[in-house]
Amino acid sequence: MASGDGPRLRMAPSPTGFLQLGNVRTFLFDYLYARGHDGALVLRIEDTDAERSTPEAEAYLVDALHWLGIQWDEGPDIGGAHGPYRQTERTGYREVAARLTETGHAYECFCTREELEQDRRQQQERGEAPRYSGRCYGLSEEQRARLRAEGREASIRFHVPTGRSISWNDRVYGHTSFEGDALGDFVILRPNGLPIYNFANVVDDHEQEITIVVRGQQHLSNTPLQILLYEALDWSIPEFAHLPDVLDQNRQRLAKRRGAKGVTEYREEGYLPEAVVNVLALLGWSPPGGEEFLSLDDLCRQFSFDRVQRSNAAFDPARLDWFNGQYIRRMPLTDLIVAAAPFLQRTGLVPTGALSEEERARLSRILPHVRERVRTLAEIPSMVEFLYRDPSGLGVDSFQVKDLKRRDLAQTSEALEAVQDAVDRLEEWTPEALLAAMDGVAVRLDWRRGELLMAVRIAITGKTVTPPLIESLEVLGRAVTMARLERARRALAVVGADV
RNA sequence: GGCGCAUUCGUCUAGCGGCCUAGGACACCGCCCUCUCAAGGCGGAGAUCACGGGUUCGAAUCCCGUAUGCGCUACCA
C-alpha cells in the first residue's frame, strides 16, 4: 500500500500486553482508511511507561494485529524511513522545547508540585477553573538564576495565547472549537527532559509526517493544545478524526479492570478474525449500502470517516457470536479444518503437529454437519468427541431422558439389540442403508424413528446433542458402531453397572 | 464548577424537511421444517425518534433551552 503522496496514518498503542476491542477498532479504522486511500500506515509504540513496556508486550501487539489481518508499512518490527518507531528511542524533544522557549512560546517553570497543588485547591475553593496561575511566566533572567541557585529544577511550560479560539474541522465531529482562555499554560517537558504526552505526540506525528490523526474522543480536548503547538512550531497541522467510545454492556468504557476481554482472548475462545473485524467495523460505522457481511477488502473500499457515528456504542457479545457462527458456516471446508485443528489438539482429541491425511479426511466428512451447529471453534471438540472416544460413564441413567420417557430399560435394551442385528447385516455402510435399517427396526418394534435414534445416539455418543446421527454413524464406521452398541447393551443388562 | 461531545426499539444502526402510521440486523417469543441440537423459512412483540419551545404548509431530520450520559480540566497517556 505504501506510496508517495497518499495520507499517512499511525497506530499508537502502548505495549501493555493487552489489546482491547476499543483500541482494535481505532487501529482498524486507521488501517481501512490508509488502505482505501493509497496511504501509508505506521505502527508507533508509545512505550514511555517503562513499567509496563516490555519486548514481550510489543510482540504481543504485533501478533494480535496480524491475526486480525491488519498490516502496516512502517513499524518497529519492519523498519521504515520515519523511525524511530518506539517513542523511547526518539531524542530531540529537548531541542524542540528549546526552540519554543527561544521564540517566546514556552518558558521555564520552577513551581513545585506542592505549590501547584495549593493553587489548584484555592482556585477550586473560589469556584474558579483550576489552571496554571502563570506565576513563572515572564520571570527575569535574574529571578530564574536565583531559583536555580535554590536548587529548583525547571520544567518547560507552553504559554497559551489569550483571547483567541482554536478550531478545526474534525473528520468525524465536524467543526469543533475551544476558547484558548480556558486552557491555561501546560507543561511540555519535565525537569528530567522527558516530554509530556501532548508534546511528544505532536513531535512524533510531525517527525513521522502523519497527515490524519485517528484516536479516541477523549482526546478531543487535547486537540486545541496540540494545534497550538503545531502553530508555534510552524509545522503543518494534520487532520483529526476522533472516534466515540466503545462501551461494555453496563455502558462503561471497555476496560480490562472491568472485565473487558483482550483480542487474543477472543482468539482463544474460538472466534474468527473475520468476525471480530466485521463486528467492530459495524460498531460506530455503517456502510452506505447497509450490507452486514463485509470482508477487510470490502471495508477498505467502503470506509469513510463521515459515516462514523458520533455517539458511543455498546459492544454486544451476542452479535459477535452470531457473526462468528455465520463465518464458520461460510468459510471453505479446508480452512475450517485448519482453524479447528488447534482446538481439537488442545482438548487432546487429535495429536499435535500437522494433521495426518486420515485425520483430514475424517474431519472433512464430519465438519460439514458440525459447522451448522456451533458459534465458535471452541464448541467443535465436544461435537466430534464421539469419533475419538467411547462414551464414558454410560449407565442406565444415561437413557433416562425426555425423548425416551415412554420406554423402560428392557424395551431400550431390546431395541438396541435389534439395531445391532439389523446394522450387522448391512451390506453397504451408507446413510441410506443405515436409515433404512433403523426404520425397519422402528416399525417392527413400534418405536418412533426419533425415539429409536435417540436411544442409539446415547448408546453411541453418550450425549443427547450430537451431529445428525445417521451421518455420524457413517463416519464412525461399522466396527466402532457395533462395538459401542454391544457395550451399551451390556451397560443396560446389568442394572446399576456403569461401563 | 468550567469547557467539550453526545442522545432513534434491550443492543448495533438506517434516516441527512414530505417516500416514516420510523426501515434493517442481533437478542427475545411463536409457528414451520426436523432423528437430537442447530441452521434455515415464516410471523410477532419491541422506539410517542430524551424532554420543552420555536422555524416551516410540513421535523426524527433545522434553531434555542432543559435534562441525562460521557470525556477533558495532571510534571498520566
Side-chain angles (χ1 to χ4, degrees), chain A residues 12-14 46 48-49 87 109 111-113 116-117 120 123-124 126-132 153-157 170 172-173 176-179 181-184 186-192 194-198 200-201 215-225 242 244-245 247 249 251-253 279 282-290 292 307 309-323 325-326 329 369-375 379 383 401-403 435 438-439 442 448-458 461 463-472:
Chain A
S14 38
E46 310 250 305
T48 49
D49 186 344
Q87 199 165 56
C109 173
C111 296
T112 62
R113 281 170 183 273
L116 294 172
E117 183 51 39
R120 238 191 312 274
Q123 284 167 331
Q124 270 164 349
R126 275 179 267 138
E128 294 171 15
R131 80 180 91 116
Y132 182 60
E153 291 185 309
S155 54
I156 306 298
R157 203 175 271 277
D170 198 275
V172 172
Y173 285 88
T176 312
S177 71
F178 285 81
E179 292 307 315
D181 291 349
L183 267 26
F186 58 98
V187 171
I188 57 175
L189 206 69
R190 297 187 179 90
N192 64 11
L194 290 178
I196 292 304
Y197 170 79
N198 275 315
N201 220 255
R215 59 185 14 170
Q217 61 144 24
Q218 70 265 31
H219 293 293
L220 230 29
S221 36
N222 282 324
T223 307
L225 305 180
H242 288 93
D245 291 327
L247 274 23
Q249 289 179 298
R251 300 233 125 231
Q252 301 283 304
R253 289 176 66 193
V279 166
L282 258 21
L283 199 57
W285 176 83
S286 61
E292 40 188 1
R307 288 190 64 85
Q309 200 83 7
R310 279 182 286 266
S311 49
N312 297 342
F315 169 72
D316 181 5
R319 201 166 152 78
L320 208 213
D321 282 345
W322 182 78
F323 269 98
Q326 292 293 325
R329 264 153 243 141
H369 304 295
V370 171
R371 72 192 315 179
E372 299 292 329
R373 352 188 96 68
V374 297
R375 289 158 98 80
E379 294 168 29
M383 277 285 199
V401 299
K402 186 166 79 53
D403 304 70
L435 187 58
M438 296 291 177
D439 279 345
R448 294 208 312 260
R449 179 197 274 179
E451 287 179 310
L452 186 65
L453 291 187
M454 180 52 82
V456 175
R457 167 175 290 113
I458 293 169
T461 69
K463 298 175 182 181
T464 54
V465 175
T466 69
L469 188 64
I470 298 298
E471 287 74 9
S472 297

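Per chain, numbering begins at 1; letters A, B, ... match sequence-line order. This one's a predicted model, so the numbers in the text were calculated from it and none came from an experiment.
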> Below 3.5 Å, does any donor atom in the side chain of A:Arg457 face an acceptor in the base of B:C35, or the other way round?
Replying inline: yes
>> When both hydrogen-bonding distances must be under 3.5 Å and the geometry is Watson-Crick or G-U wobble, what is B:A14 paired with, if anything?
In response: none
> Does a nitrogen or oxygen in the side chain of A:Thr466 sit under 4.0 Å from OP1 or OP2 of B:U36?
Replying inline: no
> Does a distance-only test, which skips hydrogens and angles, find a donor-acceptor pair under 3.5 Å between the side chain of A:Glu471 and the base of B:C35?
Replying inline: yes
> With a 4.5 Å limit on heavy-atom distance, are the side chains of A:Tyr132 and A:Val187 in contact?
Replying inline: no
>> Quick check for you: among B:C37, B:G1, B:U7, whose closest atom lies nearest to any side-chain atom of A:Ser311?
In response: B:U7
>> Strictly by Watson-Crick or wobble contacts shorter than 3.5 Å, is anything paired with B:C31, and which nucleotide is it?
In response: B:G41
> Do A:Arg449 side-chain and B:C35 base share a donor-acceptor contact under 3.5 Å?
Replying inline: no
> Which part of the nucleic acid, if any, lies within reach of A:His219 when heavy atoms closer than 4.0 Å are counted: base, sugar-phosphate only, or nothing?
Replying inline: base
>> Applying a 4.0 Å non-hydrogen cut-off, can you work out what A:Cys111 is touching in the nucleic acid: base, sugar-phosphate, or nothing?
In response: base
> Using purine N1 to pyrimidine N3 plus N6-O4 or O6-N4 for Watson-Crick, or N1-O2 and O6-N3 for G-U wobble, each under 3.5 Å, what pairs with B:A47?
Replying inline: none
> Now, which nucleotide makes the Watson-Crick or G-U wobble pair with B:A60, with each of the two distances under 3.5 Å?
Replying inline: none
> What is the pairing partner of B:C5, taking Watson-Crick or G-U wobble pairs with both distances under 3.5 Å in any strand?
Replying inline: B:G69
